[in-house]
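Notes follow once the structure below has been shown.
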Amino acid sequence: GILRREEERQWERGEFYLASRKCLELWIRKKNEGKEVVSFFQNRGIKRVAIYGLSQTGRLLYEELRKTEVAVVCGIDRSKNYSVNRLPTIRLDAVTPEGLLKDVELVVVIRIYDFPSIYDTLNEKLHGRIPIVGLDEILCEL
């Protein structure tokens with residue numbers, strides 16, 4: 001019933017925050033070792049990315065990449081169109097490989113907690129044309 005659904009939502013929120021916290025801790029640890037996220041993109045010749053999930057972590061990635069030659073073309077969000085510091089953001093259901101994403105070389109998914117389902121949805125909408133990677137994978141490869 002209603003109580004069970006609310007318990008499930010609380011558990012999911014807890015799992016989401018735990019995954020987000022672990023990711024942020026890894027990011028800080030890598031930064032303290034002198035390893036910058038931008039090197040992941042530089043090492044692969046990637047200059048144009050999109051970010052799925054503009055929570056605090058997504059915004060931090062955007063702010064960090066703004067200071068580099070890696071352009072964040074747009075954000076992608078599950079439910080709404082909005083702008084974060086003038087970054088255009090499109091709803092997940094409006095994603096196509098054309099439009100804002102036509103020149104994107106990689107989509108970075110911030111929401112690592114439910115990465116598999118996000119990956120499947122994005123990959124289907126992008127017709128497999130644009131690679132998709134989780135922030136945790138980027139951090140682990142630094």
Side-chain angles (χ1 to χ4, degrees), residues 2 4-142:
I2 293 171
R4 182 164 172 76
R5 280 194 298 270
E6 181 55 31
E7 286 174 0
E8 287 173 3
R9 277 194 285 272
Q10 286 178 353
W11 182 84
E12 287 176 358
R13 277 194 297 270
E15 290 295 306
F16 168 75
Y17 287 116
L18 184 60
S20 298
R21 182 176 169 202
K22 285 181 178 179
C23 198
L24 283 172
E25 287 173 358
L26 179 58
W27 192 349
I28 291 168
R29 199 171 319 119
K30 296 289 184 169
K31 243 181 161 9
N32 288 342
E33 294 169 1
K35 298 174 182 171
E36 297 293 332
V37 170
V38 71
S39 66
F40 175 90
F41 305 102
Q42 290 169 331
N43 293 340
R44 289 160 180 78
I46 295 170
K47 300 253 187 236
R48 298 175 61 80
V49 301
I51 297 174
Y52 178 94
L54 289 169
S55 62
Q56 292 95 335
T57 307
R59 290 175 189 188
L60 287 171
L61 179 60
Y62 173 57
E63 291 298 323
E64 185 154 322
L65 292 178
R66 277 178 66 180
K67 303 169 193 163
T68 73
E69 72 278 3
V70 177
V72 179
V73 174
C74 66
I76 303 168
D77 186 81
R78 183 181 314 189
S79 58
K80 56 190 167 192
N81 288 321
Y82 59 91
S83 176
V84 173
N85 295 338
R86 299 191 184 126
L87 177 68
T89 301
I90 55 180
R91 278 191 337 266
L92 179 59
D93 63 4
V95 166
T96 66
E98 297 81 30
L100 279 175
L101 291 166
K102 72 179 177 345
D103 296 323
V104 167
E105 299 167 280
L106 182 72
V107 176
V108 179
V109 175
I110 302 300
R111 288 182 55 108
I112 59 169
Y113 164 66
D114 48 359
F115 178 82
S117 64
I118 292 168
Y119 176 89
D120 290 344
T121 302
L122 275 174
N123 198 44
E124 182 179 320
K125 291 192 161 292
L126 296 171
H127 309 296
R129 294 186 199 164
I130 302 171
I132 302 163
V133 66
L135 178 60
D136 58 332
E137 186 177 334
I138 291 172
L139 295 171
C140 286
E141 288 194 24
L142 293 182

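Residue numbers run from 1 in the order of the sequence given.
The nearest pair of heavy atoms linking G75 to L54 is CA-CD1, 3.8 Å. For the residue pair R78 and D114, the shortest heavy atom distance occurs at NH2-OD2, 3.3 Å. The shortest non-hydrogen separation linking L100 to C74 is CD1-CB, 3.9 Å. Minimum heavy-atom separation, H127 to P97: CD2-CG, 3.2 Å.
Residues satisfying the salt bridge (charged side-chain N to carboxylate O under 4.0 Å, His left out) test with E124, not counting sequence neighbours, are none. Taking E63 as the reference, R66 meet the salt bridge (charged side-chain N to carboxylate O under 4.0 Å, His left out) condition, with sequence neighbours excluded.
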E33 vs R29, salt bridge (Lys or Arg N to Asp or Glu O under 4.0 Å): CA-CA, chis, key distance, verdict: CA-CA 6 Å; E33 294 169 1; R29 199 171 319 119; 5.9 Å; no

Decide yes or no on side chain to side chain contact (heavy atoms under 4.5 Å, CB included) for T57 and L24, but give the supporting numbers first. CA-CA 7 Å; T57 307; L24 283 172; 3.9 Å; yes

Stepwise, does the side chain to side chain contact (heavy atoms under 4.5 Å, CB included) test hold for E141 with V133? CA-CA 11 Å; E141 288 194 24; V133 66; over 6 Å; no

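Contact check for V70 versus V37: no side-chain heavy atoms found under the 4.5 Å cut-off. Under the 4.5 Å side-chain criterion, counting only non-hydrogen atoms from C-beta, T89 is not in contact with I51. Using a 4.5 Å heavy-atom threshold, the side chains of Y52 and I132 count as separate. Contact check for E64 versus E36: side-chain heavy atoms found under the 4.5 Å cut-off. Here the side chains of L26 and K22 are not in contact, with every heavy-atom distance at 4.5 Å or above.
Of the candidates L65, L142, L61, L65 is the only one forming a side-chain contact (heavy atoms from CB on, under 4.5 Å) with V38.
Distance CZ/F115 to CG/D120: 9.0 Å, rounded to 0.5 Å. Going from atom CD of E69 over to atom CD of Q42 covers 4.5 Å, rounded to the nearest 0.5 Å. Between atom CG of residue L101 and atom CD1 of residue I130 there is a gap of 5.0 Å, rounded to the nearest 0.5 Å. For the atom pair OG1 of T96 and NZ of K102, the computed distance is 10.5 Å after rounding to the nearest 0.5 Å. Between the OG1 atom of T121 and the CD1 atom of I76 there is a distance of 11.5 Å, given to the nearest 0.5 Å. Interatomic distance, I138 CD1 to W27 CH2, rounded to the nearest 0.5 Å: 9.0 Å.
Between E98 and R129, at least one side-chain nitrogen of the basic residue sits less than 4.0 Å from a carboxylate oxygen of the acidic one, meeting the salt-bridge criterion.
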Check: residues 103-110 side-chain donor-acceptor pairs under 3.5 Å, at least two apart:
from: E105; atom 1: OE1; to: K47; atom 2: N; distance (Å): 2.7
from: E105; atom 1: OE1; to: R48; atom 2: N; distance (Å): 2.8

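When the shell of 6.0 Å around CZ of R44 is examined, it contains more than 12 heavy atoms from other residues, nucleotides or ligands.
The main-chain N or O of S39 is found under 3.5 Å from a side-chain atom of N43 such that the two form a donor-acceptor pair.
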